[in-house]
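For reference, the structure discussed in these notes is given below.
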Amino acid sequence: MGDGNNRSNNNSEKPEWLQQYNLIGKIGEGTYGLVFLAKTKSPENCGKSIAIKKFKQSKDGDGVSPTAIREIMLLREITHENVVKLVNVHINHADMSLYLAFDYAEHDLYEIIRHHRDKGNTMINQYTVKSLLWQLLNGLNYLHSNWIIHRDLKPSNILVMGEGEEHGVVKIADFGLARIYQAPLKALSDNGVVVTIWYRAPELLLGAKHYTSAVDMWAVGCIFAELLTLKPLFQGAEAKSTSNPPFQIDQLDKIFKVLGHPTLEKWPTLASLPHWHNDVQHIQEHKYENTGLHGVVPLSPKSASFDLLSKMLEYDPRKRITAAQAIEHDYFRSEPLPGRNALVPSQPGEKVINYPTRPVDTNTDFEGTTSLQPPQPVSSGNAVSGGMPGAHGINSRSAPRPMSIGMQRMQSQGMAAYNLSSQAGMGGGMNPGNIPMPRGVAQPHQQHHLRRKDPPGTGTGYPPQQKSRR
Ligand SMILES: Nc1ncnc2c1ncn2[C@@H]1O[C@H](COP(=O)(O)OP(=O)(O)OP(=O)(O)O)[C@@H](O)[C@H]1O
(Lines give C-alpha, C1' and ligand atoms only; values in the text may rest on other atoms or scores of the structure.)
Protein backbone atom coordinates (compact mmCIF):
# COMPACT_ATOMS: atom_id res chain seq x y z
CA MET A 1 0.00 0.00 0.00
CA GLY A 2 1.33 3.42 -0.85
CA ASP A 3 1.14 6.93 0.40
CA GLY A 4 -2.25 8.41 0.84
CA ASN A 5 -1.83 12.02 -0.14
CA ASN A 6 -2.98 12.05 -3.75
CA ARG A 7 -5.19 15.05 -3.90
CA SER A 8 -7.66 15.87 -6.55
CA ASN A 9 -5.92 16.98 -9.73
CA ASN A 10 -8.65 18.94 -11.39
CA ASN A 11 -11.29 21.48 -10.56
CA SER A 12 -13.47 18.91 -9.00
CA GLU A 13 -13.30 18.40 -5.26
CA LYS A 14 -13.52 14.69 -5.84
CA PRO A 15 -10.51 12.72 -4.66
CA GLU A 16 -8.57 11.15 -7.47
CA TRP A 17 -9.47 7.55 -6.70
CA LEU A 18 -13.16 8.29 -6.56
CA GLN A 19 -13.09 9.98 -9.94
CA GLN A 20 -12.66 6.63 -11.61
CA TYR A 21 -16.09 5.57 -10.32
CA ASN A 22 -19.66 6.75 -10.35
CA LEU A 23 -21.00 6.04 -6.90
CA ILE A 24 -24.49 4.59 -7.25
CA GLY A 25 -25.51 3.92 -3.65
CA LYS A 26 -25.42 1.64 -0.64
CA ILE A 27 -26.12 -2.05 -1.12
CA GLY A 28 -25.47 -3.49 2.31
CA GLU A 29 -24.09 -3.27 5.76
CA GLY A 30 -22.04 -5.74 7.76
CA THR A 31 -20.24 -5.89 11.07
CA TYR A 32 -17.27 -4.00 9.71
CA GLY A 33 -18.85 -1.34 7.57
CA LEU A 34 -20.98 -0.38 4.62
CA VAL A 35 -20.96 -1.79 1.09
CA PHE A 36 -21.62 0.44 -1.95
CA LEU A 37 -22.24 -0.12 -5.63
CA ALA A 38 -20.16 2.00 -8.01
CA LYS A 39 -19.51 1.90 -11.76
CA THR A 40 -16.14 2.39 -13.39
CA LYS A 41 -15.70 5.24 -15.84
CA SER A 42 -12.52 4.16 -17.61
CA PRO A 43 -13.13 3.72 -21.36
CA GLU A 44 -11.84 0.14 -21.45
CA ASN A 45 -14.04 -0.94 -18.56
CA CYS A 46 -16.79 1.63 -18.72
CA GLY A 47 -19.84 0.85 -16.60
CA LYS A 48 -18.32 -2.17 -14.88
CA SER A 49 -19.92 -2.71 -11.50
CA ILE A 50 -17.71 -2.56 -8.43
CA ALA A 51 -18.58 -3.18 -4.79
CA ILE A 52 -16.81 -0.73 -2.48
CA LYS A 53 -16.61 -1.78 1.14
CA LYS A 54 -15.97 1.05 3.57
CA PHE A 55 -14.59 -0.03 6.91
CA LYS A 56 -15.61 1.63 10.11
CA GLN A 57 -12.98 3.27 12.27
CA SER A 58 -11.73 1.01 15.02
CA LYS A 59 -13.39 1.75 18.35
CA ASP A 60 -10.43 3.61 19.78
CA GLY A 61 -10.22 5.76 16.65
CA ASP A 62 -6.57 4.95 16.04
CA GLY A 63 -6.85 4.51 12.31
CA VAL A 64 -7.58 1.55 10.11
CA SER A 65 -8.66 -1.33 12.31
CA PRO A 66 -6.52 -4.42 12.68
CA THR A 67 -9.39 -6.44 11.26
CA ALA A 68 -9.32 -4.39 8.08
CA ILE A 69 -5.57 -4.57 7.70
CA ARG A 70 -5.74 -8.31 8.18
CA GLU A 71 -8.35 -8.53 5.47
CA ILE A 72 -6.26 -6.52 3.01
CA MET A 73 -3.12 -8.50 3.60
CA LEU A 74 -5.05 -11.65 2.91
CA LEU A 75 -6.97 -10.45 -0.07
CA ARG A 76 -3.94 -8.99 -1.81
CA GLU A 77 -2.61 -12.49 -2.15
CA ILE A 78 -5.76 -14.28 -3.10
CA THR A 79 -6.52 -14.98 -6.73
CA HIS A 80 -8.97 -17.69 -7.58
CA GLU A 81 -12.04 -17.93 -9.76
CA ASN A 82 -14.21 -18.84 -6.76
CA VAL A 83 -12.96 -16.13 -4.41
CA VAL A 84 -14.10 -12.52 -4.79
CA LYS A 85 -11.44 -10.32 -6.38
CA LEU A 86 -10.03 -7.26 -4.69
CA VAL A 87 -9.44 -4.69 -7.42
CA ASN A 88 -8.42 -1.59 -5.46
CA VAL A 89 -7.61 -0.32 -1.99
CA HIS A 90 -8.04 3.30 -0.96
CA ILE A 91 -7.13 4.92 2.31
CA ASN A 92 -8.36 8.28 3.44
CA HIS A 93 -5.44 9.42 5.55
CA ALA A 94 -7.35 12.29 7.08
CA ASP A 95 -9.55 9.97 9.09
CA MET A 96 -7.82 6.69 8.26
CA SER A 97 -10.96 5.22 6.81
CA LEU A 98 -10.42 2.39 4.43
CA TYR A 99 -12.14 1.53 1.15
CA LEU A 100 -11.80 -1.82 -0.57
CA ALA A 101 -13.09 -2.19 -4.12
CA PHE A 102 -14.16 -5.68 -5.17
CA ASP A 103 -15.62 -7.10 -8.31
CA TYR A 104 -19.36 -6.87 -7.92
CA ALA A 105 -21.55 -9.96 -7.68
CA GLU A 106 -25.26 -9.52 -8.30
CA HIS A 107 -26.47 -12.43 -6.17
CA ASP A 108 -25.68 -14.30 -3.00
CA LEU A 109 -26.92 -17.60 -1.60
CA TYR A 110 -29.02 -15.91 1.03
CA GLU A 111 -31.07 -14.15 -1.64
CA ILE A 112 -31.18 -17.16 -3.97
CA ILE A 113 -32.55 -19.35 -1.17
CA ARG A 114 -34.99 -16.68 -0.13
CA HIS A 115 -36.22 -16.26 -3.70
CA HIS A 116 -37.14 -19.95 -3.82
CA ARG A 117 -38.84 -19.75 -0.43
CA ASP A 118 -40.85 -16.75 -1.62
CA LYS A 119 -41.88 -18.66 -4.75
CA GLY A 120 -43.81 -21.19 -2.71
CA ASN A 121 -40.77 -23.17 -1.57
CA THR A 122 -39.88 -24.28 -5.08
CA MET A 123 -36.78 -26.41 -4.75
CA ILE A 124 -33.47 -25.29 -6.21
CA ASN A 125 -32.72 -27.71 -9.03
CA GLN A 126 -30.16 -30.43 -8.44
CA TYR A 127 -27.73 -29.13 -11.04
CA THR A 128 -27.69 -25.67 -9.45
CA VAL A 129 -27.22 -27.04 -5.92
CA LYS A 130 -24.39 -29.28 -7.08
CA SER A 131 -22.67 -26.55 -9.08
CA LEU A 132 -22.93 -23.99 -6.27
CA LEU A 133 -21.59 -26.51 -3.78
CA TRP A 134 -18.73 -27.67 -5.98
CA GLN A 135 -17.56 -24.15 -6.67
CA LEU A 136 -17.84 -23.20 -3.01
CA LEU A 137 -15.69 -26.20 -2.11
CA ASN A 138 -13.26 -25.38 -4.90
CA GLY A 139 -12.75 -21.84 -3.55
CA LEU A 140 -12.46 -23.17 -0.03
CA ASN A 141 -9.92 -25.78 -1.07
CA TYR A 142 -7.80 -22.95 -2.47
CA LEU A 143 -8.10 -20.95 0.75
CA HIS A 144 -7.34 -23.93 2.98
CA SER A 145 -4.37 -24.90 0.82
CA ASN A 146 -3.08 -21.40 1.44
CA TRP A 147 -3.53 -21.72 5.21
CA ILE A 148 -6.55 -19.49 5.30
CA ILE A 149 -9.65 -20.38 7.29
CA HIS A 150 -12.67 -18.30 6.40
CA ARG A 151 -14.45 -18.81 9.76
CA ASP A 152 -17.54 -16.83 8.81
CA LEU A 153 -19.06 -18.81 5.98
CA LYS A 154 -22.80 -18.27 5.63
CA PRO A 155 -25.18 -17.87 2.68
CA SER A 156 -24.88 -14.06 2.53
CA ASN A 157 -21.16 -14.09 1.91
CA ILE A 158 -21.24 -16.70 -0.80
CA LEU A 159 -21.76 -14.52 -3.84
CA VAL A 160 -22.86 -15.56 -7.32
CA MET A 161 -22.07 -13.49 -10.39
CA GLY A 162 -24.89 -11.99 -12.43
CA GLU A 163 -25.06 -11.58 -16.21
CA GLY A 164 -21.81 -11.52 -18.16
CA GLU A 165 -18.92 -13.83 -18.90
CA GLU A 166 -18.86 -15.10 -15.30
CA HIS A 167 -22.61 -15.56 -14.97
CA GLY A 168 -23.44 -18.13 -12.31
CA VAL A 169 -19.90 -18.36 -10.94
CA VAL A 170 -19.58 -18.59 -7.15
CA LYS A 171 -17.30 -16.15 -5.30
CA ILE A 172 -16.51 -16.53 -1.62
CA ALA A 173 -16.56 -13.10 0.04
CA ASP A 174 -16.10 -11.35 3.37
CA PHE A 175 -12.81 -12.22 4.87
CA GLY A 176 -13.34 -9.83 7.75
CA LEU A 177 -12.58 -12.49 10.29
CA ALA A 178 -10.22 -14.62 8.32
CA ARG A 179 -6.56 -14.71 9.09
CA ILE A 180 -3.66 -16.76 7.94
CA TYR A 181 -3.13 -19.64 10.22
CA GLN A 182 0.06 -21.54 10.60
CA ALA A 183 0.88 -24.79 12.26
CA PRO A 184 0.94 -25.09 15.20
CA LEU A 185 -2.60 -23.87 15.42
CA LYS A 186 -3.34 -20.50 16.92
CA ALA A 187 -5.75 -19.77 19.74
CA LEU A 188 -8.96 -18.00 18.92
CA SER A 189 -7.91 -15.05 21.13
CA ASP A 190 -10.11 -12.00 21.45
CA ASN A 191 -12.30 -12.12 18.39
CA GLY A 192 -15.32 -13.30 20.33
CA VAL A 193 -17.82 -14.34 17.73
CA VAL A 194 -16.08 -16.40 15.12
CA VAL A 195 -18.70 -17.99 12.95
CA THR A 196 -22.31 -16.80 12.77
CA ILE A 197 -24.04 -19.06 15.23
CA TRP A 198 -26.22 -21.18 12.89
CA TYR A 199 -23.19 -22.26 10.88
CA ARG A 200 -20.85 -22.59 13.82
CA ALA A 201 -19.06 -25.90 14.29
CA PRO A 202 -19.71 -27.89 17.50
CA GLU A 203 -16.08 -27.67 18.64
CA LEU A 204 -16.39 -23.87 18.64
CA LEU A 205 -19.74 -24.02 20.41
CA LEU A 206 -18.12 -26.21 23.06
CA GLY A 207 -15.45 -23.57 23.60
CA ALA A 208 -12.48 -25.00 21.65
CA LYS A 209 -9.45 -22.72 21.98
CA HIS A 210 -7.97 -24.12 18.82
CA TYR A 211 -9.67 -24.48 15.52
CA THR A 212 -8.91 -25.90 12.10
CA SER A 213 -10.24 -25.53 8.56
CA ALA A 214 -12.82 -28.15 9.61
CA VAL A 215 -14.93 -25.28 11.03
CA ASP A 216 -15.53 -24.12 7.46
CA MET A 217 -16.55 -27.60 6.36
CA TRP A 218 -19.20 -27.74 9.07
CA ALA A 219 -20.55 -24.42 7.75
CA VAL A 220 -20.56 -25.82 4.20
CA GLY A 221 -22.56 -28.83 5.44
CA CYS A 222 -25.15 -26.47 6.97
CA ILE A 223 -25.28 -24.46 3.74
CA PHE A 224 -25.63 -27.62 1.61
CA ALA A 225 -28.63 -28.71 3.71
CA GLU A 226 -30.11 -25.21 3.46
CA LEU A 227 -29.82 -25.28 -0.34
CA LEU A 228 -31.79 -28.54 -0.29
CA THR A 229 -34.49 -27.57 2.19
CA LEU A 230 -34.52 -23.73 1.90
CA LYS A 231 -34.36 -23.56 5.70
CA PRO A 232 -31.37 -23.09 8.00
CA LEU A 233 -30.44 -26.54 9.31
CA PHE A 234 -29.65 -25.63 12.92
CA GLN A 235 -31.43 -22.45 13.82
CA GLY A 236 -30.41 -21.81 17.42
CA ALA A 237 -30.97 -18.67 19.46
CA GLU A 238 -27.78 -16.92 20.41
CA ALA A 239 -26.87 -16.87 24.10
CA LYS A 240 -25.22 -13.72 25.41
CA SER A 241 -23.77 -15.00 28.66
CA THR A 242 -20.73 -13.57 30.40
CA SER A 243 -18.53 -16.58 29.78
CA ASN A 244 -16.09 -16.13 26.92
CA PRO A 245 -17.02 -17.56 24.52
CA PRO A 246 -20.63 -17.86 25.74
CA PHE A 247 -22.02 -21.34 26.09
CA GLN A 248 -24.35 -21.60 23.11
CA ILE A 249 -26.63 -24.21 24.59
CA ASP A 250 -29.61 -23.60 22.31
CA GLN A 251 -27.50 -23.96 19.17
CA LEU A 252 -26.00 -27.21 20.49
CA ASP A 253 -29.45 -28.39 21.40
CA LYS A 254 -30.63 -27.88 17.82
CA ILE A 255 -27.67 -29.89 16.53
CA PHE A 256 -28.06 -32.74 19.04
CA LYS A 257 -31.75 -33.04 18.24
CA VAL A 258 -30.85 -33.96 14.67
CA LEU A 259 -27.49 -35.70 14.96
CA GLY A 260 -27.78 -37.16 18.43
CA HIS A 261 -25.35 -36.43 21.19
CA PRO A 262 -21.64 -36.78 20.42
CA THR A 263 -19.94 -39.55 22.33
CA LEU A 264 -16.38 -39.86 23.57
CA GLU A 265 -16.14 -42.98 21.52
CA LYS A 266 -16.81 -41.11 18.30
CA TRP A 267 -15.05 -37.91 19.37
CA PRO A 268 -12.29 -38.75 21.85
CA THR A 269 -11.09 -35.18 22.44
CA LEU A 270 -14.59 -34.05 23.39
CA ALA A 271 -13.85 -34.27 27.13
CA SER A 272 -11.10 -31.69 26.83
CA LEU A 273 -13.42 -28.99 25.48
CA PRO A 274 -14.16 -26.22 28.01
CA HIS A 275 -17.94 -26.39 27.80
CA TRP A 276 -18.16 -30.15 27.86
CA HIS A 277 -18.80 -30.10 31.61
CA ASN A 278 -21.66 -27.63 31.29
CA ASP A 279 -22.93 -29.90 28.60
CA VAL A 280 -22.79 -33.02 30.74
CA GLN A 281 -25.15 -31.30 33.17
CA HIS A 282 -27.36 -30.36 30.30
CA ILE A 283 -27.52 -33.92 29.00
CA GLN A 284 -28.66 -35.19 32.34
CA GLU A 285 -31.69 -32.97 31.98
CA HIS A 286 -32.33 -33.59 28.29
CA LYS A 287 -32.79 -36.77 26.38
CA TYR A 288 -32.26 -36.53 22.66
CA GLU A 289 -34.48 -38.70 20.58
CA ASN A 290 -32.27 -38.90 17.56
CA THR A 291 -34.36 -38.20 14.51
CA GLY A 292 -31.33 -38.48 12.23
CA LEU A 293 -30.23 -36.30 9.36
CA HIS A 294 -32.41 -38.28 6.96
CA GLY A 295 -35.44 -36.89 8.82
CA VAL A 296 -34.61 -33.30 7.91
CA VAL A 297 -33.09 -33.43 4.42
CA PRO A 298 -34.87 -34.84 1.37
CA LEU A 299 -32.09 -37.31 0.53
CA SER A 300 -32.00 -41.04 0.46
CA PRO A 301 -29.59 -42.29 3.19
CA LYS A 302 -27.96 -44.44 0.50
CA SER A 303 -27.32 -41.55 -1.90
CA ALA A 304 -23.92 -39.99 -2.57
CA SER A 305 -25.35 -36.59 -1.59
CA PHE A 306 -26.37 -37.91 1.83
CA ASP A 307 -22.96 -39.51 2.31
CA LEU A 308 -21.22 -36.22 1.51
CA LEU A 309 -23.49 -34.20 3.78
CA SER A 310 -22.98 -36.65 6.66
CA LYS A 311 -19.22 -36.40 6.24
CA MET A 312 -19.39 -32.60 6.41
CA LEU A 313 -21.45 -32.82 9.59
CA GLU A 314 -19.11 -35.25 11.33
CA TYR A 315 -18.73 -34.24 14.99
CA ASP A 316 -15.01 -34.91 15.35
CA PRO A 317 -13.23 -32.18 13.35
CA ARG A 318 -10.36 -34.56 12.68
CA LYS A 319 -12.70 -36.98 10.96
CA ARG A 320 -14.70 -34.34 9.10
CA ILE A 321 -14.24 -34.40 5.33
CA THR A 322 -11.82 -31.79 3.94
CA ALA A 323 -12.55 -29.50 0.98
CA ALA A 324 -9.94 -31.35 -1.09
CA GLN A 325 -11.63 -34.68 -0.37
CA ALA A 326 -15.11 -33.27 -0.88
CA ILE A 327 -14.51 -31.99 -4.43
CA GLU A 328 -13.47 -35.54 -5.34
CA HIS A 329 -16.58 -37.10 -3.82
CA ASP A 330 -18.79 -39.39 -5.90
CA TYR A 331 -21.66 -36.93 -5.62
CA PHE A 332 -19.85 -34.67 -8.08
CA ARG A 333 -19.19 -37.53 -10.48
CA SER A 334 -22.77 -38.53 -10.99
CA GLU A 335 -25.42 -36.85 -13.14
CA PRO A 336 -26.18 -34.01 -13.25
CA LEU A 337 -22.51 -33.06 -13.37
CA PRO A 338 -21.69 -29.66 -11.87
CA GLY A 339 -20.93 -26.75 -14.19
CA ARG A 340 -19.36 -23.30 -14.22
CA ASN A 341 -22.62 -21.42 -14.68
CA ALA A 342 -24.67 -22.63 -11.74
CA LEU A 343 -27.71 -20.58 -12.77
CA VAL A 344 -28.50 -22.08 -16.19
CA PRO A 345 -31.55 -24.34 -16.41
CA SER A 346 -30.83 -27.95 -15.57
CA GLN A 347 -32.88 -29.35 -18.43
CA PRO A 348 -33.33 -28.14 -22.00
CA GLY A 349 -36.52 -26.11 -22.15
CA GLU A 350 -36.54 -25.41 -18.41
CA LYS A 351 -37.31 -21.83 -17.43
CA VAL A 352 -34.45 -19.44 -16.57
CA ILE A 353 -34.94 -18.18 -13.05
CA ASN A 354 -34.73 -14.41 -12.79
CA TYR A 355 -33.19 -13.93 -9.40
CA PRO A 356 -33.78 -10.43 -8.03
CA THR A 357 -30.97 -7.92 -8.28
CA ARG A 358 -29.62 -6.14 -5.22
CA PRO A 359 -31.61 -3.11 -4.14
CA VAL A 360 -29.54 0.07 -4.10
CA ASP A 361 -30.12 2.87 -1.63
CA THR A 362 -29.07 5.86 -3.70
CA ASN A 363 -29.66 8.27 -0.84
CA THR A 364 -26.80 7.02 1.28
CA ASP A 365 -23.30 8.29 0.62
CA PHE A 366 -19.88 7.02 1.69
CA GLU A 367 -20.28 8.56 5.11
CA GLY A 368 -23.37 6.46 5.61
CA THR A 369 -25.37 9.67 5.81
CA THR A 370 -28.46 10.37 3.82
CA SER A 371 -28.01 13.10 1.26
CA LEU A 372 -30.11 15.13 -1.14
CA GLN A 373 -27.92 14.13 -4.03
CA PRO A 374 -30.18 13.24 -6.93
CA PRO A 375 -30.21 9.49 -7.40
CA GLN A 376 -28.39 8.25 -10.46
CA PRO A 377 -29.94 5.87 -12.92
CA VAL A 378 -28.74 2.32 -12.59
CA SER A 379 -28.41 0.58 -15.88
CA SER A 380 -27.82 -3.02 -14.86
CA GLY A 381 -31.31 -3.74 -13.66
CA ASN A 382 -30.74 -3.09 -9.97
CA ALA A 383 -33.72 -2.09 -7.94
CA VAL A 384 -33.18 1.45 -6.77
CA SER A 385 -34.38 2.91 -3.54
CA GLY A 386 -34.63 6.66 -3.53
CA GLY A 387 -36.63 9.39 -5.08
CA MET A 388 -35.93 8.82 -8.74
CA PRO A 389 -39.06 9.66 -10.68
CA GLY A 390 -40.45 6.66 -12.41
CA ALA A 391 -38.00 4.25 -10.84
CA HIS A 392 -39.30 1.05 -9.37
CA GLY A 393 -38.09 2.35 -6.07
CA ILE A 394 -38.79 1.77 -2.47
CA ASN A 395 -39.11 4.56 0.01
CA SER A 396 -35.86 5.74 1.46
CA ARG A 397 -35.17 4.28 4.83
CA SER A 398 -34.33 7.59 6.43
CA ALA A 399 -35.29 11.18 5.79
CA PRO A 400 -33.04 13.21 3.47
CA ARG A 401 -30.59 15.56 5.14
CA PRO A 402 -28.63 18.51 3.78
CA MET A 403 -25.31 17.80 2.05
CA SER A 404 -23.17 19.71 4.52
CA ILE A 405 -21.72 16.44 5.65
CA GLY A 406 -21.29 13.27 3.72
CA MET A 407 -19.70 13.36 0.30
CA GLN A 408 -18.53 16.95 0.52
CA ARG A 409 -16.63 16.44 3.72
CA MET A 410 -15.04 13.29 2.52
CA GLN A 411 -14.02 14.73 -0.80
CA SER A 412 -12.06 17.58 0.69
CA GLN A 413 -9.77 15.19 2.50
CA GLY A 414 -6.64 13.63 1.17
CA MET A 415 -7.32 10.24 -0.33
CA ALA A 416 -5.02 7.71 -1.82
CA ALA A 417 -5.55 5.13 -4.49
CA TYR A 418 -3.59 1.94 -4.51
CA ASN A 419 -4.17 -0.28 -7.42
CA LEU A 420 -3.39 -3.69 -6.12
CA SER A 421 -4.63 -5.57 -9.10
CA SER A 422 -1.13 -6.12 -10.42
CA GLN A 423 0.19 -7.15 -7.04
CA ALA A 424 -2.76 -9.37 -6.39
CA GLY A 425 -1.90 -11.75 -9.20
CA MET A 426 -0.48 -14.93 -7.79
CA GLY A 427 -0.46 -16.90 -10.95
CA GLY A 428 -4.11 -17.73 -11.24
CA GLY A 429 -6.44 -19.97 -9.33
CA MET A 430 -6.05 -23.60 -8.64
CA ASN A 431 -8.96 -24.96 -10.55
CA PRO A 432 -8.07 -28.59 -10.47
CA GLY A 433 -9.51 -29.01 -13.89
CA ASN A 434 -10.78 -32.42 -12.96
CA ILE A 435 -14.37 -31.53 -13.45
CA PRO A 436 -16.50 -31.13 -16.53
CA MET A 437 -17.26 -27.44 -16.06
CA PRO A 438 -18.57 -25.83 -19.28
CA ARG A 439 -22.29 -25.80 -19.65
CA GLY A 440 -24.55 -23.71 -21.82
CA VAL A 441 -24.33 -19.97 -21.42
CA ALA A 442 -27.43 -18.66 -19.76
CA GLN A 443 -29.70 -16.27 -21.55
CA PRO A 444 -29.33 -12.74 -20.32
CA HIS A 445 -32.25 -11.65 -18.28
CA GLN A 446 -33.64 -8.30 -17.33
CA GLN A 447 -34.50 -7.95 -13.72
CA HIS A 448 -36.67 -5.23 -12.37
CA HIS A 449 -37.91 -6.83 -9.21
CA LEU A 450 -37.58 -5.21 -5.90
CA ARG A 451 -36.00 -7.22 -3.21
CA ARG A 452 -38.46 -7.64 -0.43
CA LYS A 453 -37.45 -7.41 3.15
CA ASP A 454 -38.99 -9.98 5.44
CA PRO A 455 -41.79 -8.06 7.11
CA PRO A 456 -41.28 -7.89 10.85
CA GLY A 457 -43.05 -10.58 12.78
CA THR A 458 -44.00 -12.71 9.78
CA GLY A 459 -42.82 -15.72 11.69
CA THR A 460 -40.97 -17.22 8.74
CA GLY A 461 -38.22 -18.33 11.06
CA TYR A 462 -35.82 -16.52 8.79
CA PRO A 463 -33.67 -13.72 10.14
CA PRO A 464 -34.11 -10.18 8.77
CA GLN A 465 -32.24 -9.28 5.59
CA GLN A 466 -29.85 -6.77 7.00
CA LYS A 467 -27.19 -6.99 9.61
CA SER A 468 -28.91 -9.12 12.19
CA ARG A 469 -29.25 -12.06 9.83
CA ARG A 470 -25.60 -12.26 8.96
N1 LIG B 1 -18.39 -7.99 -3.91
C2 LIG B 1 -19.67 -7.83 -3.60
N3 LIG B 1 -20.59 -7.66 -4.57
C4 LIG B 1 -21.89 -7.51 -4.27
N5 LIG B 1 -22.38 -7.52 -3.02
C6 LIG B 1 -21.52 -7.69 -2.01
C7 LIG B 1 -20.13 -7.85 -2.23
N8 LIG B 1 -19.53 -8.01 -1.03
C9 LIG B 1 -20.50 -7.96 -0.10
N10 LIG B 1 -21.70 -7.78 -0.68
C11 LIG B 1 -23.00 -7.70 -0.03
O12 LIG B 1 -23.02 -6.62 0.87
C13 LIG B 1 -23.75 -6.98 2.04
C14 LIG B 1 -22.90 -6.68 3.27
O15 LIG B 1 -21.74 -7.47 3.20
P16 LIG B 1 -20.63 -7.52 4.34
O17 LIG B 1 -19.59 -8.46 3.85
O18 LIG B 1 -20.21 -6.17 4.73
O19 LIG B 1 -21.35 -8.05 5.60
P20 LIG B 1 -22.13 -9.35 5.95
O21 LIG B 1 -21.44 -10.56 5.39
O22 LIG B 1 -23.53 -9.14 5.52
O23 LIG B 1 -22.10 -9.34 7.53
P24 LIG B 1 -20.89 -9.45 8.54
O25 LIG B 1 -19.87 -8.44 8.17
O26 LIG B 1 -21.57 -9.16 9.81
O27 LIG B 1 -20.39 -10.84 8.44
C28 LIG B 1 -24.16 -8.44 1.86
O29 LIG B 1 -25.48 -8.48 1.36
C30 LIG B 1 -23.23 -8.96 0.81
O31 LIG B 1 -23.85 -10.02 0.06
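All ligand and atom numbering here is 1-based and tracks the order in the structure. One is the number of the first residue; the rest follow in order along the sequence. Owing to the predicted nature of the structure, the values given are computational and were not obtained by experimental measurement.
For Asp103, every heavy-atom contact with ligand 1 shorter than 4.0 Å involves the backbone, none the side chain. Proximity of Ile27 to ligand 1, defined as any heavy-atom pair under 4.0 Å, is confined to the side chain (atoms from C-beta onward). Only the side chain of Arg358 comes within 4.0 Å of ligand 1, judged by heavy-atom distances.
Within the structure, the closest approach of Lys171 to ligand 1 does not fall below 4.0 Å when heavy atoms are considered. Contact between Lys154 and ligand 1 is present, with at least one heavy atom of the residue lying under 4.0 Å from the ligand.
Of all heavy-atom pairs spanning Leu137 and Ala326, the tightest one is CD1-CB, 3.8 Å.
There is a side-chain donor-acceptor pair under 3.5 Å between Tyr199 and Glu226. Side-chain contact check for Asn88 and Tyr21: at least one donor-acceptor pair (N or O, by modelled atom type) lies under 3.5 Å. Defined by atom type and a distance below 3.5 Å, a donor-acceptor pair is present between the side-chain atoms of Asn125 and Thr128.
When each of Lys171, Lys85, Lys48 is paired with Asp103, the salt bridge (charged side-chain N to carboxylate O under 4.0 Å, His left out) condition holds for Lys48 and for no other.
Here is the list of ligand 1 atoms found below 4.0 Å of a heavy atom in Asp152: 27 (O). In the vicinity of Asp174, heavy-atom distances shorter than 4.0 Å reach the ligand 1 atoms 17 (O), 19 (O), 20 (P), 21 (O), 24 (P), 25 (O), 27 (O). Close contacts between ligand 1 and Phe102 involve ligand atoms 1 (N) [criterion: under 4.0 Å to a heavy atom]. Close approach of ligand 1 to Leu159 (heavy-atom distance below 4.0 Å) involves ligand atoms 1 (N), 2 (C), 3 (N), 7 (C), 8 (N), 31 (O).
Residue Tyr104 places no N or O, backbone or side chain, under 3.5 Å from any N or O of ligand 1. Here's the thing with Val84: none of its N/O atoms is less than 3.5 angstrom from an N/O atom of ligand 1.
Listed for the Thr212 side chain is a donor-acceptor partner under 3.5 Å among the backbone atoms of Ala214.
His116 places none of its side-chain heavy atoms less than 4.5 Å from the side chain of Asn121.
Counting only non-hydrogen atoms, the option in Ser156, Pro155, Ala173 that gets closest to atom 31 (O) of ligand 1 is Ser156. Between atom 9 (C) of ligand 1 and the options Leu153, Val35, Asp108, the minimum heavy-atom separation is to Val35.
In this structure, Phe256 and Tyr315 have perpendicular ring planes: the angle between them is above 60°, well past the 30° mark.
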